[in-house]
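One structure is given here, and the rest of the page talks about it.
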Amino acid sequence: MKIKLSLTAPEYAPLIVNYDDWFHENHAYSLEWGYPVLPGKGQFIAFSFIADLIKEHIDIIKLPAHWEIVDIHWNQENNTVIPTLFVVGK
């Protein structure tokens, strides 16, 4: 699975260390999803999950607490279909 992250308030981007490196539109985090069901559009992902995913890359102190799945795309890569979740911090 892949996750693409963005923020609803990009004007705060300069306050987040390494924001440009980890929140630009071409960056997707690849990870294994160890659960039987994917979350759906409109559902939220716990901040702890997002924090664990990116805490080694950026300063997470100024990130929002709520992260909503706004879209899901299914993409074919290497003869496998991989979901990409588009997640927005609010």
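Residue indices begin at 1 and follow the sequence shown.
Phe86 forms part of a hydrophobic cluster together with Val70, Val88, judged by ILVMFWY side-chain heavy-atom separations under 4.5 Å.
Between Lys90 and Pro64, the closest heavy-atom pair is O-CB, 3.1 Å.
One distance of note links OG of Ser30 with CG of Leu53; it measures 9.5 Å at 0.5 Å rounding. For the atom pair CD1 (Ile72) and CD (Gln43), the distance works out to 8.0 Å, reported to the nearest 0.5 Å. With rounding to the nearest 0.5 Å, the separation of OG in Ser6 from CH2 in Trp67 is 7.5 Å.
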Apply side chain to side chain contact (heavy atoms under 4.5 Å, CB included) to the pair Lys4 and Thr84, showing each step before the final yes or no. CA-CA 7 Å; Lys4 289 192 175 185; Thr84 300; 4.1 Å; yes
Steps toward side chain to side chain contact (heavy atoms under 4.5 Å, CB included) verdict (Ile50, Tyr29): CA-CA 10 Å; Ile50 299 297; Tyr29 298 90; over 6 Å; no
Are Ile3 and Met1 close enough, and set up right, to give a side chain to side chain contact (heavy atoms under 4.5 Å, CB included), and what steps lead you there? CA-CA 7 Å; Ile3 292 183; Met1 181 172 78; 4.2 Å; yes
Side chain to side chain contact (heavy atoms under 4.5 Å, CB included) between Ile69 and Leu38, worked out: CA-CA 11 Å; Ile69 299 168; Leu38 282 177; over 6 Å; no
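Connection of Trp74 to Leu85 is established within a shared hydrophobic cluster, with ILVMFWY side chains joined at heavy-atom distances below 4.5 Å, either directly or through further cluster members. Clustering ILVMFWY residues whenever any of their side-chain heavy atoms sit less than 4.5 angstrom apart, transitively, puts Leu31 in the very cluster that holds Val87.
By the 4.5 Å heavy-atom criterion applied to side chains, Ile60 and Ile54 are counted as neighbours. Side-chain atoms of Lys2 and His73, non-hydrogen and from C-beta on, never get closer than 4.5 Å to each other. Here the side chains of Phe47 and Asp52 are not in contact, with every heavy-atom distance at 4.5 Å or above.
The aromatic rings of His66 and Phe44 lie perpendicular to each other, with more than 60° between the two planes, well past the 30° mark.
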